[in-house]
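Below: one structure, written as structure tokens.
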Amino acid sequence: MIPDLSADRIDRLREAFRAASYDADGVLDLLGHSAHAALGRGEPMPALRATGGAGPLGTLVRLFLLGHPETHADVQAALGSLTIDDALAAGILAADGELLRAGLDIRPHGEGEHSWWVVSDLDSDLRGGRPVDPDHVLGVGHASLSLVRATTRRPVGSVLDLGTGCGVQALHASTHASSITVTDVSQRALALAAATFRLNDVEVELDEGEWFAPVRGRRFDLIVCNPPFVVGPPRTDFTYRDSGLAGDDASALVVRQLPSFLNEGGTGQLLASWVHREGEDWEDRVASWLPPGAGVDAWFVQRDVADPDLYVGTWLRDAGYDLRSEQGMRKAAEWLDWFESNDVIGIGFGFVTLRRADGPGQVVCEDLRHAFDDPLGPESDAWLRRVDWLREHDSDDDLLAARLVTADSTVLEQVSQPGDEGWEPIVHRLHRTDGPGWQHEIDELGVRLLAGFRGALPLDELLELLAMGYGEEVEELTSAAIPVVRELVRHGMVVPAEWRGVDQ
């Protein structure tokens, strides 16, 4: 069923939200940090206590954020010129005996100076524990927020949000894009996304269809995609997570097709999943999604690997299944049987950055399962810039002629053990203190080389001096140093001297 979220009804709802200060700041001010944090943990009681006697704002918080039933009088006072009859007809509200409940999840979502409202379907918890419907439209979850943080925010002309769902990626794109196009295969998702955009006065082009079909023949500066990447048998229980394709074919499809829809120099960023099989390298698997010489720079970042048992349980709970019920056990058994028959021992999850390249391109896969706080969006821009520099200095002679500096965010850790002459260093480890927090172990000569990276001398002269000082053959030292230096540049731990003081 498609809700009747007409422009007039959404406009009146926006007026009511603004009048009540039902926005990110208003909700935080009302609840306070402690109750707000408790709500984020799924603990509603502190928030329920904080909203007592808080007027229209308290009613809206209880209604839409807590799933609490409210009286007709309180709801009408909170909705202002939007009548209860109109809100019921639109699916915004649902009757609950003599009381009213939220029919849709409509909640503030903010980042920095920006605050929006996002319209989605009620999750299983707010539906009384019942499983969600097949055409369920997911709200702002951990996956979508992780993609928000992993997406570049440089100014661009055109953005495509492929498989928009509730529209949250497009909202963030509105802060740095001139035009936005969104697509989805689900009519319900497009209806709720349209309400989200109208509620926030964001102008967006909406197109219905599978994958890239609605935008065939067009190109964009930036494409973002949170696809139905769940790995499993080829079925579609829920449109928000299941593609109907087997295994990781949905992620492979997007990675393979996306670059042809990019403008020259355009970037694509998406969430993806891939299977791990015994005896198969996950890096080889995802790299094979791009044919050799595809003319694409690709950065695959693996952030997690789940075992099949945990994976199946997590996604079934997410949909509201009781794993002890007959239905839940049957679903789990079917899913696990498919994993076993396809030799799946784990499911990887992460981010992919793609860019059309002038030439064969470069595909890099990195396992970044350690914890770090910095978002990957700025880092993806910097990573591509460093890839460009390394491509321009592809020959050994070009690299050896370059002047380099050790980045300010690079620190050296040394581990020593007691020896005959005091403490003897046994490990030298470089850490990058920002971004993804890369680490590299280097030897004593590497430590000395990086100490000389001050931008005054080119790399070849530094290597000659180092060879002379330590009685090494300069050719052997150079041969060993070049791949290490390239990797340190790629990870932003060593940068070109001309970039000093500029964001890398």
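These numbers come from a predicted model, not from an experiment.
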Donor-acceptor pair between [X] and [Y] side chains, under 3.5 angstrom:
| X | Y | result |
| --- | --- | --- |
| Ser251 | Asp248 | no |
| Thr152 | Asp381 | yes |
| Gln362 | Trp299 | no |
| Ser260 | Arg219 | no |
| Gln169 | Asp161 | no |
| Asp434 | Ser409 | yes |

Rounded to the nearest 0.5 Å, what's the gap from [atom1] on [X] to [atom2] on [Y]? Could you check?
| X | Y | atom1 | atom2 | result |
| --- | --- | --- | --- | --- |
| Leu138 | Leu192 | CG | CG | 11.5 Å |
| Thr164 | Leu190 | OG1 | CG | 8.0 Å |
| Leu99 | Glu70 | CG | CD | 8.0 Å |
| Leu79 | Leu60 | CG | CG | 6.5 Å |
| Phe261 | Ile223 | CZ | CD1 | 7.5 Å |

Which residues share a side chain to side chain donor-acceptor pair (under 3.5 Å) with Arg216, sequence neighbours left out: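 So Arg216 forms no side chain to side chain donor-acceptor pair (under 3.5 Å) with any residue.
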Can you name the residues that form a side chain to side chain donor-acceptor pair (under 3.5 Å) with Asp388, not counting sequence neighbours?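 Once residues adjacent in sequence are excluded, the partners of Asp388 under the side chain to side chain donor-acceptor pair (under 3.5 Å) criterion are Arg355, Arg391.
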Is there a side-chain contact between [X] and [Y] in this structure, where contact means two heavy atoms from C-beta onward sitting under 4.5 Å apart?
| X | Y | value |
| --- | --- | --- |
| Leu384 | Asp297 | yes |
| Asp96 | Leu100 | no |
| Trp383 | Val364 | yes |
| Phe197 | Leu171 | yes |
| Leu5 | Leu104 | yes |
| Ile106 | Leu13 | yes |
| Leu160 | Thr183 | yes |
| Leu488 | His440 | yes |

Would you say the ring centroid of His431 lies under 6.0 angstrom from that of Trp438?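 No - the distance between ring centres of His431 and Trp438 does not fall below the 6.0 Å cut-off.
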Check: [X] side chain, [Y] main-chain N or O, donor-acceptor pair, under 3.5 Å:
| X | Y | value |
| --- | --- | --- |
| Arg154 | Pro378 | no |
| Ser115 | Ala24 | yes |
| Ser144 | Val140 | no |
| Asp121 | His136 | no |
| Arg101 | Gly67 | yes |
| Asp249 | Leu245 | no |
| His114 | Gly110 | no |
| Gln269 | Ala150 | yes |
| Asp207 | Pro214 | no |
| Asp307 | Asp309 | yes |

Looking only at heavy atoms, which two atoms of [X] and [Y] are closest? And how far apart?
| X | Y | value |
| --- | --- | --- |
| Gly26 | Leu57 | O-CD2, 3.7 Å |
| Leu354 | Ala298 | CD2-CB, 3.6 Å |
| Leu66 | Ala47 | CD2-CB, 4.0 Å |

So for atom [atom1], which belongs to [X], do other residues, nucleotides or ligands contribute more than 12 heavy atoms lying within a distance under 6.0 Å?
| X | atom1 | result |
| --- | --- | --- |
| Glu326 | CD | no |
| Glu210 | CD | no |
| Gln187 | CD | no |
| Asp201 | CG | yes |
| His33 | NE2 | no |
| Glu208 | CD | yes |

I'd like to know whether Asp133 forms a salt bridge (Lys or Arg N to Asp or Glu O under 4.0 Å) with Arg188, so could you lay out the CA-CA distance, the side-chain angles of the two residues, the decisive distance to 0.1 Å, and finally the verdict. CA-CA 11 Å; Asp133 295 326; Arg188 183 174 181 84; over 6 Å; no
Working for ring pair (Phe, Tyr, Trp, His ring centres under 6.0 Å), residues Phe229 and Phe349: CA-CA 9 Å; Phe229 56 72; Phe349 167 82; 5.5 Å; yes
Give the ring-plane orientation class for [X] versus [Y], where under 30° counts as parallel, over 60° as perpendicular and anything between as tilted.
| X | Y | result |
| --- | --- | --- |
| Tyr22 | Phe64 | tilted |
| Phe372 | His370 | tilted |
| His276 | Trp282 | parallel |

Can we say [X] and [Y] salt-bridge, meaning some charged N sits less than 4.0 Å from an Asp/Glu carboxylate O?
| X | Y | result |
| --- | --- | --- |
| Asp8 | Arg12 | yes |
| Arg198 | Asp11 | yes |
| Glu15 | Arg18 | no |

Give the C-alpha distance, both sets of side-chain angles, the deciding distance and a yes or no for salt bridge (Lys or Arg N to Asp or Glu O under 4.0 Å) between Glu111 and Arg153. CA-CA 13 Å; Glu111 181 187 59; Arg153 295 300 165 208; 5.2 Å; no
Arg324 and Asp322: salt bridge (Lys or Arg N to Asp or Glu O under 4.0 Å), yes or no, with the steps? CA-CA 5 Å; Arg324 293 182 176 85; Asp322 179 356; 5.0 Å; no
Test salt bridge (Lys or Arg N to Asp or Glu O under 4.0 Å) on Arg9 and Asp86 and set out the steps. CA-CA 7 Å; Arg9 288 169 175 168; Asp86 273 349; 3.4 Å; yes
Test side chain to side chain contact (heavy atoms under 4.5 Å, CB included) applied to Val296 and Arg356, step by step: CA-CA 5 Å; Val296 177; Arg356 292 186 62 186; 5.6 Å; no
Show, in sequence, the C-alpha distance, side-chain angles and deciding distance for Val159 and Thr181, and conclude whether the side chain to side chain contact (heavy atoms under 4.5 Å, CB included) test is met. CA-CA 6 Å; Val159 170; Thr181 300; over 6 Å; no
Could you walk me through whether Ser380 and Phe351 pass the side chain to side chain contact (heavy atoms under 4.5 Å, CB included) test, one step at a time? CA-CA 10 Å; Ser380 66; Phe351 308 102; over 6 Å; no
